[in-house]
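The structure appears right after this line, and notes come after that.
Just so it is clear, the structure is predicted and the values come from calculations on it, not from any experiment. We count residues from 1, following the sequence as given. Atoms within each ligand, like the ligands themselves, are counted from 1 in listed order.
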Amino acid sequence: MAKRSYNRDMTPTREALIEAFAEAGHELWLAGGLVRDELRGLPPTGDADFATSAPPDECERIAKGLGATVATIGQRFGTTGVLLDEGLAEVTTFRGDSYTAGSRWPDVTFGSSIDEDLARRDFTVNAIARNTVTGEPRDPFGGRDDIERGLLRAPGDPRTRFAEDPLRILRGVRFVSQLGFLIEEETKAAMEESVELLGTLSQERVTAEIERLLRGKHPKAGLDALNEIGALPHVLPELAPMPGCEQNRFHKFDVWGHTTATVEAIATDEASLSLRRWAALLHDLGKPPVRHVKQNGEWGFYRHEIVGAEMAEALTERLRLGKREGALLTLLVRRHMDRPDPDDGRLVRRFMRRMDGHWRDLLALKRADNASHAYDDNEYHDRLEEACERVEAEEAAMLRAESPLDGRELMALLGREPGPWIARIKERLSTLVLDGELAPGDKEEAKRIARRMGGTAALLAESEDRS
Ligand code: ATP
Ligand code: MG
């Protein structure tokens with residue numbers, strides 16, 4: 001306990017880190033997301049990214065000298081993670097030239113100035129820095145103007161930049177979703193020409209960027225950008241047949257338009273954001289492979305949720321999403337066409353039980369799915385939600401397993417003096433509630449049972465023997 005508070009006292013502030021680098025004679029610049037978001041007029045969220053003239057081992061030495069908890073995030077990239085009072089800071093030694101094109105992980109050499117470092121960054125809006133001591137701003141590529149215009153532009157020759165590290169293509173698409181920016185034309189053309197290189201990236205890096213894209217504020221725009229540059233066959237080939245896969249008169253869009261609209265529409269909170277956006281993205285995976293012409297001449301998608309669930313299982317495994325998340329997504333895809341009658345308690349319970357505690361996620365998916373259909377099904381979903389809420393309340397009451405009758409009511413009912421018999425009858429009644437044989441709070445039925453038990457002295461005695 002004492003040790004823990006000692007450690008907390010030792011967590012240095014950002015100011016202390018800045019002073020320590022200055023005292024050691026090193027430049028330290030704030031760069032990346034924080035500078036960008038500050039210029040957009042947003043409060044600082046996320047980690048602080050610093051660039052410094054100090055080599056990596058020196059960064060570590062300085063941070064440890066302050067008593068900070070230090071993590072080497074990527075020794076190869078020259079990044080040291082430092083836990084500060086204000087949150088995590090990533091201190092990266094100035095980057096220099098030379099990335100090995102097409103390798104799974106880029107090679108990094110160290111540079112000698114902030115401008116050289118900024119020239120190695122992915123987009124002009126991220127290539128802005130501010131000196132932590134003098135406050136001097138550096139913006140050699142017009143990043144401020146691009147922030148104002150809402151444009152993502154690679155600094156320097158975009159083709160070269162994407163060849164150096166193809167992950168930048170996906171980062172760009174991710175920033176479309178996060179920032180709501182557009183990709184500048186020449187940069188976009190270069191992305192289109194470079195998509196083949198995405199195949200050289202490690203699955204971990206790719207999956208992390210798709211995840212960030214899905215969590216952004218404008219996921220439809222990000223997904224559309226991903227499709228427009230032709231990246232789908234390279235990073236999400238399972239989804240590649242969706243664009244252009246026409247549907248029937250019940251739908252406003254093709255499968256892709258419907259899918260991206262569903263991702264955009266699904267209601268989320270922080271805890272459910274990732275799962276629900278993924279579920280929306282995958283829910284109609286099975287449509288292109290099962291599409292067939294029905295007797296009435298329209299497109300049909302019979303059994304698409306079954307085929308889709310099989311595809312979702314394989315896809316989530318390939319992307320190395322967690323086992324639990326993969327299983328849940330598969331289940332959500334499998335069940336998204338379920339449509340129980342809200343007035344049939346048994347069907348509602350079965351619907352809920354199948355979802356393993358995630359019926360709210362399924363309902364959110366069903367509502368979002370419906371939002372881009374040509375017909376409106378809100379009333380049905382409201383009724384289903386109410387029915388599920390009711391079952392949940394009933395089940396909670398069942399688990400509380402309270403006897404519908406208290407001691408006073410039992411004495412009045414049977415006209416008997418207080419005694420251990422009260423506990424025995426209450427025990428029996430609550431067991432019946434727990435077993436689902438007596439509805440919680442059903443006093444009338446409870447009275448009938450209590451009369452039967454109380455009327456038979458032998459029965460009471462017998463239950464005493466048993467216990
Ligand atoms: P976020 O708000 O998500 O943290 P960010 O812009 O800070 O966004 P980070 O991944 O934290 O993104 O990276 C910090 C900075 O490092 C970026 O702003 C960018 O300047 C640079 N950077 C990160 N990855 C790359 C890359 N693959 N190629 C070039 N520069 C990169
Ligand atoms: Mg950052």
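Residue F123 places every heavy atom at 4.0 Å or more from ligand 1. At least one heavy atom of R171 sits less than 4.0 Å from an atom of ligand 1. In this structure, R36 has a heavy atom closer than 4.0 Å to ligand 1. Using a 4.0 Å cutoff on heavy atoms, R120 counts as a contact of ligand 1. Residue-ligand proximity: D49 is placed with a non-hydrogen atom under 4.0 Å from ligand 1. Remark: distances from the non-hydrogen atoms of D165 to ligand 1 include one below 4.0 Å.
In the model, S274 has a side-chain atom that pairs as donor or acceptor with a side-chain atom of E211 under 3.5 Å. Donor-acceptor pairing under 3.5 Å is lacking for the side chains of W29 and D117. Judged purely by distance below 3.5 Å, without hydrogens or angles, the side chains of E116 and S112 pair a donor atom with an acceptor atom. If you check the side chains of D146 and T124, you find a donor sitting under 3.5 Å from an acceptor. N126 and R121 are not linked by any side-chain donor-acceptor pair at a separation below 3.5 angstrom, with hydrogens and angles left out of the test. A donor and an acceptor atom, one from each side chain of Q247 and K287, are located under 3.5 Å apart.
Residue-level proximity to ligand 1 for F175 is carried by the side chain, the only part with a heavy atom below 4.0 angstrom. At a heavy-atom cutoff of 4.0 Å, ligand 1 is contacted by the side chain of R168 but not by its backbone. Contact annotation for R174 and ligand 1: only side-chain heavy atoms (C-beta onward) come within less than 4.0 Å of the ligand.
With ligand atoms numbered from 1 in the order given, ligand 1 contributes 18 (O) to contacts under 4.0 Å with heavy atoms of G32.
Considering just the N/O/S atoms of D49, the one nearest the Mg ion (ligand 2) carries the name OD2.
At least one N/O-N/O distance between R121 and ligand 1 falls below 3.5 Å. Residue G33 places at least one N or O, backbone or side chain, under 3.5 Å from an N or O of ligand 1.
Taking 4.0 Å as the cut-off between side-chain N and carboxylate O, R205 and D165 count as a salt-bridged pair.
With 2.8 Å as the limit, D47 does not count as an N, O or S neighbour of the Mg ion (ligand 2).
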List the atom pairs, with distances to 0.1 Å, where a side-chain N or O of residues 300-314 and a protein N or O form a donor-acceptor pair under 3.5 Å, not counting sequence neighbours.
residue	atom	partner	partner atom	Å
H304	ND1	F301	O	2.9
H304	NE2	D284	OD1	3.1
H304	NE2	H336	NE2	3.2

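Residues F123 and A154 approach most closely at CD2-N, 4.0 Å, considering heavy atoms.
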